[in-house]
Amino acid sequence: MNALITNIRHLVNVRGTSHPLRGAELAQLPVLENAYLVVRDGRIGDYGAMADLPEGPYANLPLINAEGSSVLPCWCDSHTHLVFAASREEEFVDKLQGLSYAAIAAKGGGILNSARKLADTSEDALFEQAWNRLQELMRLGTGAIEIKSGYGLTVQSELKMLRVIRRIKEKTPIPVKASFLGAHAFPPEYRSDHRGYIDLIIQEMLPAIAGEGLAEYIDVFCEEGFFSVAETETICRAGMAIGLQPKIHANQLSLSGGVELGVSLGALSVDHLETMDDAAIQALAGSDTIGTLLPTAAFFLRMPFQPARKLIDAGSIVALASDYNPGSSPSGNMNLVVSMSCIQMKMLPAEAINAATLNGAYAMGCGEQLGSITLGKKANLIFTRPIPSIAYLPYAFGSNLIDKVMINGAFI
Ligand code: NIG
Ligand code: FE
């Protein structure tokens, strides 16, 4: 697709080159006011101030008058569990009546509940549901997404989930990355045979995944009552041996040690981080591992929010993602994630937008393709309704300020 887009009120996150942003850099959000942007073959071909728009070269391109919309790179949601078989609002009501997330999990609810439902759902039905969720998220501005397995917990069902993700990847125009999360919970039959389940992951699931090329990343739920640090390391190393880079669920419910392990393994990201101490913050800050914060999960489980300020001030690379899943974040709305990050974690609007675009893109291996207005990157763009300033986006939480979404230069 080719186009000339004119009269953009704010062109947001304009960068000559890009890299993951850490510390004080995160608050630098370069904005070009009253701008034009040229799309060439679905990519960003040129941009500049309207006053400098050259007369000749773009005269024959299809014209899109943005009419005062602001234009941002699409959200890059680097942590979701988009494929699941059923919602779990009955557990939501249990939680309202006093049960904790851990207590629900211990009595066979939670992830195991989702695994039972997924086992009984066909690949086609799972695909259909996940596809419909993705269409909604794209209309809300998500232009790249990572999706995890982890509600299978058997060879057959984990592969079924990963094949659904592959079908989504083949059909959707947005970049999709797959993470293998077979180590999401121990199935009941392996509750007292952890070694048995880990062997199943390593000896049967991983070779099948490698054979079909079904995943880019390996994820483990490193948490008390789930996978220990030693178990997480064993599984991650086996994944790394077949070329999967770790992205770990760490420090959600407790000081699990998952952050330090992730850093020592060179994980692409460690995600959640509700429960952090100084050692974990320092370990992350001294590394290239991205700390992915999932504030809607903290919100939904009524947990303390992630210490975003401490992490940023210590110099960590921080990204934001939705964690869309039926148990702890039944919403994949990245606009809400950005608002909540400002309201509850005191991130500045510029920091939250960078963390949900550019750093999110790096947290799913797409930083050179997406996440900023940079020549050659994909034209996956959000067109807002008219807004007075960029801070208005997180400020006016709850209003849908997305007017149109462009993927590879075409409106969806
Ligand atoms: O990221 N914490 C582990 N996994 C998911 C929740 C899974 C579920 O409850 O279904 C999360 O929050
Ligand atoms: Fe998650």
Side-chain angles (χ1 to χ4, degrees), residues 77-92 94-95 99-119 121 126 129-130 133 145-153 157-158 161 165 177-187 217-227 231-232 235 246-254 256 258-259 262 267-275 290-306 319-332 334 337 360 363-364:
D77 191 351
S78 64
H79 181 138
T80 83
H81 308 249
L82 187 77
V83 178
F84 56 87
S87 57
R88 297 201 325 246
E89 64 277 11
E90 64 289 347
E91 292 179 4
F92 170 60
D94 284 346
K95 275 186 223 121
L99 286 187
S100 68
Y101 182 81
I104 289 169
K107 72 176 182 121
I111 296 164
L112 297 182
N113 180 2
S114 282
R116 284 191 299 274
K117 287 175 173 150
L118 188 130
T121 306
L126 280 175
Q129 290 190 49
R133 287 179 201 121
I145 193 166
E146 180 261 15
I147 311 175
K148 301 172 191 297
S149 70
Y151 293 126
L153 310 182
S157 292
E158 282 296 312
M161 284 190 82
I165 300 170
K177 294 292 175 86
S179 297
F180 168 56
L181 177 57
H184 200 187
F186 285 99
Y217 302 112
I218 176 112
D219 193 347
V220 178
F221 187 18
C222 182
E223 187 57 63
E224 266 170 37
F226 294 84
F227 293 80
E231 290 166 345
T232 303
I235 295 161
K247 272 171 75 69
I248 303 177
H249 278 75
N251 294 44
Q252 181 186 13
L253 309 174
S254 67
S256 63
V259 168
L268 179 59
S269 69
V270 288
D271 301 26
H272 268 293
L273 316 187
E274 283 88 333
T275 317
I290 298 171
T292 299
L293 313 183
L294 311 170
T296 48
F299 169 71
F300 190 77
L301 298 184
R302 226 172 281 107
M303 291 197 51
F305 282 85
Q306 291 83 1
L320 291 169
S322 75
D323 198 18
Y324 192 7
N325 77 79
S328 67
S329 181
S331 162
M334 286 294 287
V337 169
M364 51 185 292

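Just so you know, ligand 1 is whichever comes first in the structure, and atom 1 is the first atom listed for that ligand. All of these numbers come straight from a predicted model, not from anything done at the bench.
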Check: Nearest protein heavy-atom contact for atom 6 (C) of ligand 1: which residue, which atom, what distance?
Finding: Tyr101 OH, 3.2 Å

Checklist line | Shortest protein contact, atom 2 (N) of ligand 1 (heavy atom only) | finding: Gln252 OE1, 2.7 Å

Next item on the list: To the nearest 0.5 Å, tell me how far Glu224 CD sits from Gln252 CD.
Entry: 12.0 Å

Check: In ligand 1, which numbered atoms sit nearer than 4.0 Å to a non-hydrogen atom of Ile111?
Finding: 7 (C), 8 (C), 10 (O)

Next item on the list: Check the angle between the aromatic planes of Phe221 and Phe226 and answer parallel, tilted or perpendicular using the 30° and 60° thresholds.
Entry: tilted

Check: Is Ile147 close to Met161 at the side-chain level, that is, under 4.5 Å between some pair of heavy atoms?
Finding: no

Margin query: For a 4.5 angstrom cut-off between non-hydrogen side-chain atoms, does His184 reach Lys148?
Written below: no

Margin query: Contact between ligand 1 and Phe226 is defined here as a heavy atom of the residue under 4.0 Å from a ligand atom; is it met?
Written below: no

Notebook entry, point to check: Are Lys95 and Leu301 side-chain neighbours, meaning at least one heavy-atom pair lies under 4.5 Å?
Noted result: yes

Check: Identify the closest protein heavy atom to atom 12 (O) of ligand 1: which residue and atom is it, and at what distance?
Finding: Ser328 OG, 2.5 Å

Margin query: Which of the numbered atoms in ligand 1 are under 4.0 angstrom from any heavy atom belonging to Phe221?
Written below: 2 (N), 3 (C)

Notebook entry, point to check: Relative to ligand 1, is Phe84 under 4.0 angstrom through side chain, backbone, both or neither, heavy atoms considered?
Noted result: neither

Next item on the list: Could you grab the angle centred on the Fe ion (ligand 2), going from NE2 in His249 to NE2 in His81, to 10°?
Entry: 100°

Notebook entry, point to check: Under 30°, 30 to 60°, or over 60°: which ring-plane class applies to His81 and Tyr151, parallel, tilted or perpendicular?
Noted result: tilted

Notebook entry, point to check: Which heavy atom of the protein is the closest neighbour of atom 4 (N) of ligand 1, given with residue, atom name and distance?
Noted result: His184 NE2, 2.7 Å

Next item on the list: Show which atoms of ligand 1 fall inside a sub-4.0 Å distance from at least one heavy-atom site of Arg88.
Entry: 8 (C), 9 (O), 10 (O)

Note to self: If the cut-off is 2.8 Å, does any N/O/S atom of Asp323 fall short of it from the Fe ion (ligand 2)?
What the structure shows: yes

Margin query: If we check side chain to side chain donor-acceptor pair (under 3.5 Å) with Asn325, which of these qualifies: Ser328, Ser329, Ser322?
Written below: Ser328

Next item on the list: Output the atom name for the N/O/S atom of His79 with the smallest distance to the Fe ion (ligand 2).
Entry: NE2

Item checked: Close side-chain approach of Lys247 to Ser78, heavy-atom, < 4.5 Å -> yes

Check: Does the side chain of Thr275 pick up a donor-acceptor pair with the side chain of Asn251 at under 3.5 Å?
Finding: no

Note to self: So, regarding Tyr151 and ligand 1 (criterion: nitrogen or oxygen to nitrogen or oxygen, under 3.5 Å), is there a contact or not?
What the structure shows: yes

Notebook entry, point to check: What class does the angle between the rings of His249 and His79 fall in, given that below 30° is parallel, 30 to 60° is tilted and above 60° is perpendicular?
Noted result: perpendicular

Next item on the list: May I ask you to identify, for Glu223, whether its side chain, its backbone, both or neither come under 4.0 Å of ligand 1 on a heavy-atom basis?
Entry: neither

Checklist line | Distance from atom 11 (C) of ligand 1 to nearest protein heavy atom, with residue and atom | finding: Asp323 OD2, 3.2 Å

